[in-house]
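For reference, positions follow the sequence shown, starting with 1.
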Amino acid sequence: MALGTDAPRTRRSGLLKFLVGLLVTVLVLAGAGWGFGWWTVQRSFPQTSGTVDVPGLEAEVTVERDDAGLPTIVATNDHDLFLAQGYVHAQDRFWEMDFRRHVTAGRLAELFGASQVPTDAFIRTLNWRGIAEQEYELLDEATRAIYDAYADGVNAYLAERGGADLSLEYAVLGLQNPGYSPEPWTAVDSIAWLKAMAWDLRSNLEDEIDRALLATELPPEEVARLHPGYPFGSMPTILGGPGAAAAPASSGAASQIDDDGAADASAGSADAAASLRELRGALDGLPELFGPAGGDLGSNSWVVSGAHTESGLPLLANDPHLGPAMPSIWYQMGLRCAERTEQCAYDVAGYTFSGLPGVVIGHNDRVSWGFTNLGPDVADLFLERVEGEDYELDGVRRPLQLREETIAVAGGDPVTVTVRATGRGPLVTGIGESFERIAAAADETDPGEGSIELSLAWTALTAGTTPQAIFALNRAQNWDDFRTAASLFDVPSQNLVYADVEGNIGYQAPGDIPIRSVGDGTVPLPGWTSANRWTGAIPFAELPSLYNPERGVIITANNAVTADGPFLTADWDLGYRADGIERRLAEALDGGAKLSAEDLAAIQLDTRDANAEAFLPLIAELELSGEAKAGADYLAGWDAHADADSGQAAYFAVFWRTLLDGMFGDLPEGTRPVGGDRWFSVVGTLLSDPESPWWSDEQRGVTGRDGMIADALATAWTETRSLLGSNPDRWSWGELHTLTLTNQSFGESGIAPIEWLFNRGPYRLGGGSAIVNAIGWDASLGYGVDWVPSMRMVVDLADFDRSTWVNLTGASGHAFHRHYDDQAPLWQRGEQRPWAYTPEAVAAASVDELTLRPAG
């Protein structure tokens, strides 16, 4: 799930004043001398060898770590296995865990003060923790025991340490908030993390708002042009492979809705547009623990059958695209029972989330799986007529559901928030000026009785079964077990790819995906009529699934699943990454090659830019002069790959950003291009319409496609010289396209000494948006990295010890620990580490062994 950065924008600005005060901490440490400072830094480093007595254990547990600090935990029963996982997660990442649980519970103000109250109020309104509490009560006994054991392990570690002994961040926090001490961990803290995951991977709310804003100034056909549908005839689908014949029916994203059930929510005044922009800003300002909403928040995964591999058994690759964070959102780990019995059922390894028991992505001794975001539309905004403590439905006044939330504030008085909800979901008005203005603007359109407010319907606001799904997935031994586990994975909906040691491959789309009586979820609808309602969820048996396809390849990259079947969303990734993977595999397989794990890892690094490929032939044919000709000549012969050392890639990125601004800079605020797949498609389609009005920029006096491209080439040539120097031979994309790994809480203070403590980088990178090596950037902001492959892995089902993996940062969350950022240079170079799995391989790779022993 940044996360150009993990921190929400509102929190970043609100923390600035707080962090200025924390600068004193750095100065105190420096003034006390490096020796004292280093002692303060390293006192939180965990013990990784020897013996530790741990309350709650029933038998001894061993924790073997390799030279990257990656642990494999071996226990004799499930209880001890997950208790030890909680203990080890807390050793390496407790600040991260504590910070996350404050986000998911709406308790940031408790840490950082009054500036965080609006964020906390919104999270309380969505009630992430309340839903997690309900899900905990729904757990079966065995699953509840796992969550409880994990919490016991975390608390056993907390009983040993406090303050700066837990993490350097507590030393920094303590100067401004000296009374804070972390409370015991609970199972609900773990489950609530799944709500953050669901929120950041939710669906298309931003697209709904974007369409509504565009509709205030553009006719429906132009709104549709700027939100193109999936190109089923030319781009691959997951079930159909390259190019499906037809598109599924849609109710029409840009259509107006009549008074009987759907007055167009976007129609209205300039005030309505301003309110919608504020709503979008408010959504952007919420905590983004996985990444900012947008087309680059996705992933690649694919699996090839043994018919195409050197070993004769499948290979599976996965690289989830999330926002960069310091430390990485992932934590690599193995969980093994010394002997598989009814009391100990696990032999699994892969990527975990600190704070959550189990393995999220990885493999056990029989099957492997990968995730990408399916991205179905599971959240809708509704306009509600509210009067006092009532709302209207079908002409009848009904009482709002009310509850009060008290927000503790560091250094201030508690704040009480009243949360209101209709039968559809919570009202998101009344918790800030932005939402009140939205309501007022909507009231102008259809005043009726009372005022107009917005409610949010979202599948994650109903207690579900995802907390159980992880463990069913970890235990799966075959395709039927895998699908049973997938049926529990209701929110967020993911594309699940599968491979097993018997040679089978498969795909399953799970999730709680609503069926709508009206519309397709692309615009807000009135909530005062039950004609606009969710009528249920798509049954699991009807969700897309694929097992052992004849072609022996399954590719998921957030592209459309199929041209047939139930309606899932109108807002797919448009398939550029899926097509890039498809092309690379086809090049190899059509030539009769057999693939290895190294081949799949190489495909993950593909930097082919389909957008550049579309432009280069056209640019080469233009009659140009001056700086435009210099730019065109510079691009001549470029292979359209966005490599870090490519000067042409840097220049093309500046050209592309300049072109987007020239063509679409007059769009309403909040709708301007960020680049990526959507804008590749919009502009790519316009290339065949050279006289379109979109090829004009009144400020520059430019009209027509060729004139606009020539102007952008010339402007970009000057701009690139300004950015990278006058000698094009020394330009490189990596010089512009950099990543700074940023600490979630203290990394964007604007105060160099504090940032130096916790941040790492910058790292010069290739890749780009809608490219297989999806190191994305936002063209509305600049060239810096906003999204990344947050990890990369390739699993070899013929020999798990031949599998490879790499994390974005390192195992440790402790600044200055040797494993804080030790994998980052490998990740930057596109390298992967050997992934030891079998007991023999783990023992051979082990450099530290810690024995956890029952206390007493």
Distance-only, no hydrogens or angles: does the Asn364 side chain make a donor-acceptor pair with backbone N or O of Asn474 under 3.5 Å? yes

Yes or no on salt bridge (charged side-chain N to carboxylate O under 4.0 Å, His left out) for Asp189 and Arg101, after CA distance, side-chain angles and deciding distance? CA-CA 6 Å; Asp189 292 331; Arg101 70 166 163 179; 2.9 Å; yes

Would you mind listing every salt bridge (Lys or Arg N to Asp or Glu O under 4.0 Å) that reaches into residues 138-165, with sequence neighbours excluded? Arg43-Asp165

For residues 352-365, pull every pair meeting salt bridge (Lys or Arg N to Asp or Glu O under 4.0 Å), keeping only residues two or more places apart or in separate chains. Arg340-Asp365

Quick one: which of Phe94, Trp95, Tyr150 gives a ring pair (Phe, Tyr, Trp, His ring centres under 6.0 Å) with His89? Tyr150

Any donor-acceptor pair under 3.5 Å from Trp827 side chain to Pro789 backbone: yes

Indicate the ring-plane relationship of His817 and His819, choosing parallel, tilted or perpendicular according to the 30° and 60° boundaries. tilted

With sequence neighbours left out, the residues meeting side chain to side chain donor-acceptor pair (under 3.5 Å) with Asp66 are Arg833

Do the side chain of Arg124 and the main chain of Thr119 share a donor and acceptor less than 3.5 angstrom apart? no

I'd like to know if the side chain of Lys195 and the backbone of Ala460 have a donor-acceptor N/O pair within less than 3.5 Å. yes

How about Phe82 and Tyr87: are their ring centroids closer than 6.0 Å? no

Are the ring centres of Trp369 and Phe482 closer than 6.0 Å? no

Salt bridge (Lys or Arg N to Asp or Glu O under 4.0 Å) contacts in which one or both residues fall within residues 816-828, not counting sequence neighbours: Arg760-Asp821, Arg818-Asp848

Do you know the tightest heavy-atom contact between Leu108 and Val103? CD2-CG2, 3.8 Å

Near-ring test Phe816/Phe758, centroid separation under 6.0 angstrom: no

Qualifying residues under side chain to side chain donor-acceptor pair (under 3.5 Å), relative to Arg107, sequence neighbours excluded: Glu110, Glu183

Residue pairs involving residues 472-488 (criterion salt bridge (Lys or Arg N to Asp or Glu O under 4.0 Å); sequence neighbours excluded): none

Is Arg100 close enough and on-axis enough to Trp193, meaning under 6.0 Å and within 45°, for cation-pi? yes

Report yes or no: does Ser190 contribute a side-chain atom to a donor-acceptor pair with the main-chain N or O of Leu356 at less than 3.5 Å? no

Is there a donor-acceptor pair closer than 3.5 Å between any side-chain N or O of Tyr147 and the backbone N or O of Leu139? no

